[in-house]
Q: 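Dropping the structure in here first, questions after.
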Amino acid sequence: MPELPEVETLRRQLCEVILGSTVLEAEALDPKLSRWAPHLRGQVVAIRRRGKALEIDLEGSQLLLHLRMTGRLLWGDGVPGAARLALFFPQGVLYLIDPRRFATLSLPKREGTSSGLDPLKGVLPSFLYDRARGRRLPLKAFLMNQRWVAGIGNIYACEILHLAGLSPFRPAGSVSLEEWGRVAEGIETVLKEAIRCRGTTISDWRDLYGLPGEYQKRLRVYGRKDEPCPRCGATVERDVLSGRGTYFCPRCQA
DNA sequence: CCCTATGTTCCCAA
DNA sequence: CTTGGGAACATAGG
């Protein structure tokens, strides 16, 4: 579920609640995660976001948490259904909830240059142009590949391309420098606005306190098949691209 | 039963 | 070796 805005929302809320606090005990409710429980102890020294993943520094260890499709973090309030992990703090309990059990814990790899840019730090059109040159994969698949820009998933890719007025099916290598400028602007506009809205709740995304986000009210095309395009009034279409539902306006996304 | 789902990784063919 | 597409992972809901 979570893309960059949702993970960034969680990161900020986790900093409010557990940064500097101490994990007294970790309990793996899902055996798939039991090997990590012993590593989850001690003071929380830092919480960073790497693309869609959270990197958590504890006194004696460093772990990378990726929520994948249905992972959620919830602060306190009794044991929720589909809980896979519980972290006990003096002031409350943090649960990892994940019905499909795709979420992963791992040891972060130290790599700076080979991982994708963080879109919140600014993306240069020339960087995108250079990386896409000669590639025939669809523009939307390029944006969703975490190796170039890290954090964009299916919903926000659709929204960014609508704002930029570009077809998701365009070969990435055919996009001009001027058009990449519109993509870069769309990335910044959409992701920052979505963070201000605390993410997009279409089915099950909730923030750390169980509250839904607000960005679903602002979606331009995602989930709006057969509705009018907010820019030109043409009918929004849905197609499948790289196995993912893809929403776009056939008139103003060239 | 069918299809769909905010993600990543592995396998395979070109 | 590189590129891009599709299946797999596991579960719930329409």
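In what follows, chains carry the letters A, B, and so on, assigned in the order in which the sequence lines appear, proteins first and then strands, with residues in each chain numbered from 1. Because the structure is predicted, anything quoted here is derived from the model rather than measured. Computed over heavy atoms, backbone and side chain alike; hydrogens, waters and symmetry mates excluded.
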Q: Going by heavy atoms in the side chains, are A:Glu25 and A:Phe89 under 4.5 Å from each other?
A: no

Q: Under 5.5 Å between ring centres and under 30° between planes: true for A:Phe102 and the base of C:dA10?
A: no

Q: Which nucleotide in the list B:dT4, C:dG4, B:dG7 gets nearest to the side chain of A:Arg238?
A: B:dT4

Q: Between the base of C:dA12 and the side chain of A:Arg100, is there a donor and acceptor pair under 3.5 angstrom?
A: no

Q: My understanding is that a pair needs two contacts under 3.5 Å, Watson-Crick or G-U wobble. By that rule, which nucleotide pairs with B:dA14?
A: C:dT2

Q: Looking at A:Ser61 and A:His39, would you say the former's side chain and the latter's main chain have a donor-acceptor pair under 3.5 Å?
A: yes

Q: When you check the phosphate oxygens OP1 and OP2 of C:dG4, does a side-chain N or O of A:Arg135 lie under 4.0 Å from one of them?
A: yes

Q: Using whole Å, what does the distance between atom P of nucleotide B:dG7 and atom CD1 of A:Ile155 come to?
A: 7 Å

Q: Answer yes or no: is there a donor N or O on one side and an acceptor on the other, between the side chain of A:Lys52 and the main chain of A:Ile152, under 3.5 Å?
A: yes

Q: List in chain and number order the residues that pass ring pair (Phe, Tyr, Trp, His ring centres under 6.0 Å) with A:Phe169, two or more places apart in sequence or in another chain; answer none if no residue qualifies.
A: A:Phe248

Q: Could you tell me which nucleotide pairs with B:dC3 by Watson-Crick or G-U wobble geometry, both distances under 3.5 Å, or answer none if nothing does?
A: C:dG13

Q: How would you label the contact of A:Leu137 with the nucleic acid (heavy atoms, under 4.0 Å): base, sugar-phosphate, or nothing?
A: sugar-phosphate

Q: Short question: side chain of A:Arg84, backbone of A:Ala103 - any donor-acceptor pair under 3.5 Å?
A: yes

Q: When every nucleotide of nucleotides 8-14 of chain B is labelled 5' to 3' by its protein contacts under 4.0 Å (heavy atoms), B for base, S for sugar-phosphate only, - for none, what sequence of letters results?
A: S------

